[in-house]
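All ligand and atom numbering here is 1-based and tracks the order in the structure.
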Amino acid sequence: MAVRNIRQLGDEILKKKCREIKEITPRIRELIEDMKETMYEANGVGLAAPQVGVLKRVVVIDIGEGPLVLVNPRLLESSGEQTGEEGCLSVLGKYGIVTRPMYVKIEAWDENMEYREIEGEELLARAICHEIDHLDGHMYVEKAEDGLHDVEYEEE
Ligand code: ZN
């Protein structure tokens, strides 16, 4: 496993649409493991493959409940609304105010290509929407209602 370099805003690869994954090859398995390691190393709650330079439809998410691997995720339902702070490992040191659904239901496959439907609320719903956007070449900065703000780090 290895920590991969995270592409930053302005990198053209972040604007591209990703391709579906047809089977979990050893390379895809390695990609998924590296994405998890890269996300944890960067203290993120989610990471999409294009952020490490790979145009495939896979994301990893961990909102503190263990890793979730979503292969070819697709939104089935959404409802409600939440407006709050959102950041991205490809836009370090910044955050924006973004409105997302309060609830989503998606379909996806896991790292063994097992089909599942997943429901998420609040932070999980936000993370899922954010990461699926990456797979279609979109970033939260396009949706930030009041531009980008600097994250202020508290000194301990
Ligand atoms: Zn992001």
Side-chain angles (χ1 to χ4, degrees), residues 1-21 28-78 80-111 118-153:
M1 292 203 299
V3 170
R4 299 201 188 188
N5 186 31
I6 301 177
R7 307 299 182 94
Q8 294 297 303
L9 184 64
D11 191 316
E12 286 299 310
I13 205 158
L14 294 171
K15 293 185 185 167
K16 295 191 169 146
K17 204 169 155 68
C18 297
R19 290 179 295 273
E20 297 230 323
I21 289 174
I28 297 286
R29 207 172 282 282
E30 189 184 346
L31 169 68
I32 291 168
E33 290 308 312
D34 287 356
M35 284 172 62
K36 283 191 223 170
E37 198 175 334
T38 304
M39 172 180 72
Y40 289 127
E41 165 83 13
N43 289 314
V45 297
L47 189 70
Q51 291 181 276
V52 293
V54 179
L55 291 171
K56 300 244 186 248
R57 301 188 80 81
V58 58
V59 310
V60 295
I61 291 173
D62 191 339
I63 59 160
E65 297 173 352
L68 203 52
V69 175
L70 306 177
V71 172
N72 302 332
R74 194 170 71 87
L75 195 64
L76 298 176
E77 280 176 43
S78 68
E81 224 177 68
Q82 55 174 323
T83 299
E85 293 180 6
E86 201 166 307
C88 178
L89 293 177
S90 292
V91 195
L92 288 176
K94 303 278 183 190
Y95 72 91
I97 305 298
V98 181
T99 299
R100 299 282 190 185
M102 182 55 96
Y103 164 89
V104 296
K105 182 176 178 186
I106 60 162
E107 64 172 11
W109 285 259
D110 68 10
E111 62 268 54
I118 295 165
E119 294 176 295
E121 289 184 305
E122 299 183 6
L123 178 59
L124 183 55
R126 177 178 294 282
I128 287 171
C129 293
H130 178 115
E131 300 309 333
I132 290 178
D133 275 357
H134 272 301
L135 302 181
D136 292 316
H138 294 295
M139 291 180 70
Y140 87 90
V141 299
E142 301 161 34
K143 295 184 166 137
E145 284 156 31
D146 184 25
L148 296 185
H149 307 276
D150 290 328
V151 174
E152 293 189 16
Y153 297 97

To the nearest 0.5 Å, tell me how far Lys56 NZ sits from Ile32 CD1. 11.5 Å
So, using side-chain contact (heavy atoms from CB on, under 4.5 Å) as the criterion, who are the partners of Glu41 when residues are at least two apart? Val3
Using the side-chain contact (heavy atoms from CB on, under 4.5 Å) criterion, which residues pair with Arg19? Sequence neighbours excluded.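 Arg19 satisfies side-chain contact (heavy atoms from CB on, under 4.5 Å) with Leu55 only.
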Let me check something: any side-chain donor-acceptor pairs from residues 43-50 under 3.5 Å, sequence neighbours excluded? List them with distances.
none

Do Asp133 and Tyr140 pair up side chain to side chain, a donor and an acceptor below 3.5 Å, judged on atom types alone?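 Side chains of Asp133 and Tyr140: no pair found under 3.5 Å.
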Indicate yes or no: does Arg100 engage Glu86 in a salt bridge with an N to O separation below 4.0 Å. yes
Listed protein N/O/S atoms, distance to the Zn ion (ligand 1) under 2.8 Å: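 Protein N/O/S atoms under 2.8 Å of the Zn ion (ligand 1): Cys88 SG, His130 NE2, His134 NE2.
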